[in-house]
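Quick notes on the structure that follows.
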Amino acid sequence: MLDLSEAIRLNPNDYRAYYNRGCACGRSGDRSCAVRDFSDSLKRNPTNAQAYLNRGIAYHQLDRQQAAIADLQKAVEYFAQQGETQTSDTFIYYSGLFRRRCINAG
């Protein structure tokens with residue numbers, strides 16, 4: 001992760017460096033760090049469907065279901081716009097599961 005932090009220091013507008021560091025944070029189990037870096041990536045590239053997907057998963061793992069649903073819906077929207085219909089259909093299904101879980105818990 002040090003290399004990614006250095007890449008961000010050298011080019012703080014590179015959305016890919018934030019995205020990749022978010023992935024590294026997620027793999028290491030630091031979901032809050034992952035959310036923060038995916039958010040920073042999305043500030044720089046707000047149509048990155050994969051960043052919405054990954055941040056939604058991190059939110060879900062942090063038990064922030066409403067935020068997870070919102071991000072999964074954005075991911076579906078942008079995947080569909082990019083022609084990724086199979087991916088879009090898959091995440092519509094998962095978004096429905098998260099929504100039902102929130103309703104049942106609330």
Side-chain angles (χ1 to χ4, degrees):
M1 264 199 308
L2 291 175
D3 290 341
L4 293 169
S5 294
E6 179 65 10
I8 290 168
R9 188 186 71 73
L10 293 172
N11 184 1
N13 293 317
D14 184 2
Y15 74 92
R16 294 168 303 211
Y18 287 100
Y19 174 84
N20 289 330
R21 192 171 70 177
C23 291
C25 288
R27 282 191 300 273
S28 74
D30 189 346
R31 306 302 187 245
S32 295
C33 171
V35 165
R36 186 173 48 253
D37 279 341
F38 291 133
S39 295
D40 284 337
S41 178
L42 287 164
K43 287 177 189 169
R44 289 154 180 82
N45 182 10
T47 61
N48 185 337
Q50 195 67 46
Y52 279 109
L53 169 62
N54 289 345
R55 188 175 71 175
I57 291 168
Y59 276 139
H60 173 66
Q61 292 168 333
L62 289 167
D63 205 28
R64 294 180 56 190
Q65 302 310 324
Q66 295 297 354
I69 289 168
D71 273 2
L72 290 175
Q73 289 172 332
K74 279 288 202 186
V76 166
E77 176 186 331
Y78 288 122
F79 277 127
Q81 286 178 11
Q82 297 163 12
E84 298 277 343
T85 54
Q86 183 176 9
T87 304
S88 177
D89 291 344
T90 300
F91 292 107
I92 288 171
Y93 169 77
Y94 284 114
S95 180
L97 289 179
F98 289 143
R99 183 176 297 111
R100 282 193 296 280
R101 179 175 176 206
C102 287
I103 292 169
N104 292 337

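In terms of heavy-atom proximity, Gly29 sits nearest to Arg31 at CA-NH1, 2.9 Å. Nearest heavy-atom pair, Ala17 versus Ala7, reported as atom, atom and distance to 0.1 Å: CB-CB, 4.2 Å. Contact record, Cys33 with Asp30: N-OD1, 3.1 Å, taken as the closest heavy-atom pair. Scanning both residues, Ala34 and Cys25, for their nearest heavy atoms gives N-CB, 3.5 Å.
Here the side chains of Ser39 and Arg36 are not in contact, with every heavy-atom distance at 4.5 Å or above.
Each of Asp37, Asp3, Asp40 was evaluated against Arg21; a single residue qualifies, Asp37, per the side chain to side chain donor-acceptor pair (under 3.5 Å) test.
The NZ atom of Lys74 sits 10.0 Å away from atom CG of Leu42, with the distance rounded to the nearest 0.5 Å. With rounding to the nearest 0.5 Å, the separation of CZ in Arg64 from CG in Asp71 is 9.5 Å. In this structure, CD on Gln50 lies 10.5 Å from OG on Ser41, to the nearest 0.5 angstrom.
Residues that satisfy the salt bridge (Lys or Arg N to Asp or Glu O under 4.0 Å) test with Asp14, not counting sequence neighbours, are Arg16.
The ring pair (Phe, Tyr, Trp, His ring centres under 6.0 Å) analysis of residues 9-52, with sequence neighbours excluded, yields the pairs Tyr19-Phe38, Tyr52-Tyr78.
Arg55 places no side-chain N or O within donor-acceptor distance of the main-chain N or O of Ala67, the cut-off being under 3.5 Å.
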